[in-house]
Asks: 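This is the structure I have questions about; it appears just below.
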Amino acid sequence: MRLKPEIARTMTASALLGAVASAALFGLTGCSSAPKTARPHQGGRPVESAEPGGSVDLGQWITGFTDRITQSGGYRIPGASDRRAIADGVRLVLDGKQPEAERSLATVGYTLRTLVDRDGGMEVAEIADATKDGEARRGWGRIYVDLRGPARWSVQVPHPTADQRTEQLGIGLLRSSPGGVLVLAGAHRNADADGEEGDAADVAHRSDSVFAAVSDTLADRRLPAVQVHGFADSSSPGHDVVVSPGKGDAGLPAARRLSNALRKLHLRSCEVWQRDCGRLEGRTNVEGDHADAVDVPFVHVEHSRRVRDDDRLLAQAVRALTEVTKRWSTGRR
């Protein structure tokens with residue numbers, strides 16, 4: 001699924017945003033050395049390019065995006081045609097049809113480009129809004145596809161910023177197991193949607209989002225998913241992680257495997273198939289509902305603030321999740 005050189009050159013010419021954040025997890029220290037060369041883009045403010053050839057520290061690149069997500073940011077509820085165009089773009093990338101993917105994405109102001117992670121050399125396809133203005137106003141998020149081989153699984157991050165540092169779990173997983181697709185929300189869960197109050201930007205509980213459309217498309221392709229969240233320590237005292245197979249049971253073997261891995265790393269988990277874990281069980285998430293409907297494994301994982309605030313513990317949480325995704329990478333459930 002490597003993007004053709006001529007396509008990569010075209011995508012670099014319409015380079016995406018990416019102000020780079022300061023220190024984060026998994027080897028992220030200081031500011032990126034990627035030059036912030038602004039390039040014009042019709043219909044919006046210029047976006048910043050990566051180094052020649054699309055080389056970035058992927059962790060810093062993605063964190064630079066999520067750091068700009070705030071509760072005061074914008075969100076626009078996408079129409080059905082918008083959702084379909086982006087989901088079709090993702091599907092076409094997975095099918096190796098990059099020109100067709102670019103055309104579908106361009107109809108809604110999205111672009112496709114190849115990035116090379118300086119930490120390990122992994123190539124990923126980035127699917128994202130074409131301008132900073134569009135990204136800030138619409139908040140539809142980004143998708144990253146590992147190009148090392150066929151897509152086998154996905155990790156979903158529905159509440160970046162609101163569930164602080166959950167994007168670091170997604171980044172760590174994408175880097176650790178081949179065949180991953182990272183689906184990343186682009187707005188704070190409490191952001192106003194064109195003045196509309198309520199849960200419009202809570203993509204874990206709204207089916208009318210780009211996030212849900214892409215996640216459903218991946219489930220329809222039989223890709224199992226892990227969805228990562230964060231909770232306040234007081235919400236489940238004595239637990240570091242809450243593990244759930246969501247609404248159905250297709251993800252139960254993976255959830256059990258994850259719980260065993262957490263136990264070996266001395267992280268305390270609440271297992272919803274064993275006991276009541278309160279409001280953290282993830283049985284109402286729309287992505288889990290669809291996965292259940294098509295009988296594809298879905299694992300909903302909540303991480304305490306204690307875990308997310310501690311680099312060592314967060315790395316251990318990624319290591320435990322990798323026990324699941326590495327198995328998925330081989331096509332096993």
Side-chain angles (χ1 to χ4, degrees), residues 1-20 32 34-56 58 60-66 68-69 73-76 78-79 81-117 122-147 151 160 174 181-187 209-211 213-214 217-218:
M1 288 202 304
R2 181 187 178 96
L3 299 188
K4 297 179 181 178
E6 62 269 21
I7 298 169
R9 285 194 297 270
T10 300
M11 290 185 288
T12 300
S14 60
L16 278 169
L17 60 91
V20 178
S32 169
K36 299 179 180 180
T37 305
R39 298 175 184 239
H41 191 287
Q42 185 176 359
R45 292 185 302 181
V47 297
E48 293 168 348
S49 72
E51 289 181 346
S55 175
V56 299
L58 190 63
Q60 291 182 343
W61 184 268
I62 295 174
T63 304
F65 162 65
T66 57
R68 292 191 295 274
I69 296 174
Y75 181 73
R76 181 187 302 169
S81 61
D82 301 320
R83 303 193 299 269
R84 184 168 56 252
I86 297 172
D88 283 347
V90 174
R91 176 180 55 79
L92 290 163
V93 169
L94 299 186
D95 288 339
K97 299 178 179 179
Q98 280 74 33
E100 295 92 332
E102 286 188 294
R103 287 195 289 271
S104 180
L105 295 168
T107 63
V108 290
Y110 259 56
T111 61
L112 170 65
R113 67 179 301 174
T114 300
L115 297 174
V116 179
D117 187 8
M122 177 177 65
E123 277 193 332
V124 297
E126 179 186 66
I127 297 168
D129 210 304
T131 68
K132 281 187 178 181
D133 285 348
E135 201 154 48
R137 290 195 311 269
R138 302 194 297 187
W140 292 349
R142 294 181 176 184
I143 302 95
Y144 291 87
V145 181
D146 181 0
L147 296 176
L174 186 66
V181 180
L182 169 59
V183 187
L184 189 62
S209 71
V210 168
F211 186 95
V214 171
T217 294
L218 297 175

Asks: Output yes when a side-chain donor or acceptor of S104 lies under 3.5 Å from a complementary backbone atom of A101, and no otherwise.
Replies: no
Asks: Are L92 and L105 close enough that some pair of their side-chain heavy atoms sits under 4.5 Å apart?
Replies: no
Asks: Take W140 and Y75 through the test side-chain contact (heavy atoms from CB on, under 4.5 Å) and record every step on the way to the result.
Replies: CA-CA 7 Å; W140 292 349; Y75 181 73; 4.1 Å; yes
Asks: Could you pull out the closest heavy-atom pair between G74 and A187, with the gap in Å?
Replies: O-CB, 4.0 Å
Asks: Just do the side-chain contact (heavy atoms from CB on, under 4.5 Å) check on V183 and V90 with the steps written out, would you?
Replies: CA-CA 10 Å; V183 187; V90 174; over 6 Å; no
Asks: Any idea which heavy atoms bring R138 and V108 closest together, and the distance?
Replies: NH2-O, 2.8 Å
Asks: Which heavy atom in M122 sits nearest to a heavy atom in L58, and how many Å separate them?
Replies: CE-CD2, 3.8 Å
Asks: Say you draw a straight line from CD of E100 to CG of D95; how long is it, rounded to the nearest 0.5 Å?
Replies: 9.5 Å
Asks: Can you measure from CZ (R68) to OG1 (T63) and round to the nearest 0.5 angstrom?
Replies: 10.5 Å
Asks: Side-chain contact, heavy-atom cut-off 4.5 Å: I143 with V181?
Replies: yes
Asks: Hey, does L174 have a side-chain heavy atom less than 4.5 Å from the side chain of D117?
Replies: no
Asks: Looking at OG1 of T131 and OH of Y110, how far apart are the two atoms once the value is rounded to the nearest 0.5 Å?
Replies: 10.5 Å
Asks: What's the separation between atom OH in Y144 and atom CD1 in I127, rounded to the nearest 0.5 Å?
Replies: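 Taking OH in Y144 and CD1 in I127, the distance rounds to 10.5 Å.
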Asks: Looking only at heavy atoms, which two atoms of A151 and L94 are closest? And how far apart?
Replies: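 Here A151 and L94 meet closest at CB-CD2, 3.7 Å.
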Asks: Show the nearest heavy-atom pair for residues P78 and V210, with the distance to one decimal.
Replies: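 Minimum heavy-atom separation between P78 and V210: CG-N, 3.9 Å.
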Asks: Please report the interatomic distance CD(E126) to CZ(F65), rounded to the nearest 0.5 Å.
Replies: 9.0 Å
Asks: Could you give the distance from CZ (R103) to NZ (K97), rounded to the nearest 0.5 Å?
Replies: 11.0 Å
Asks: Considering non-hydrogen atoms only, spot the tightest contact between V214 and A87 and give its length.
Replies: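 Of all heavy-atom pairs spanning V214 and A87, the closest is CG2-CA, 4.2 Å.
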Asks: Flag the pair L182 / I62 as yes when at least one side-chain heavy-atom distance between them is below 4.5 Å, and no otherwise.
Replies: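 A side-chain contact exists here, since the closest heavy-atom pair is under 4.5 Å.
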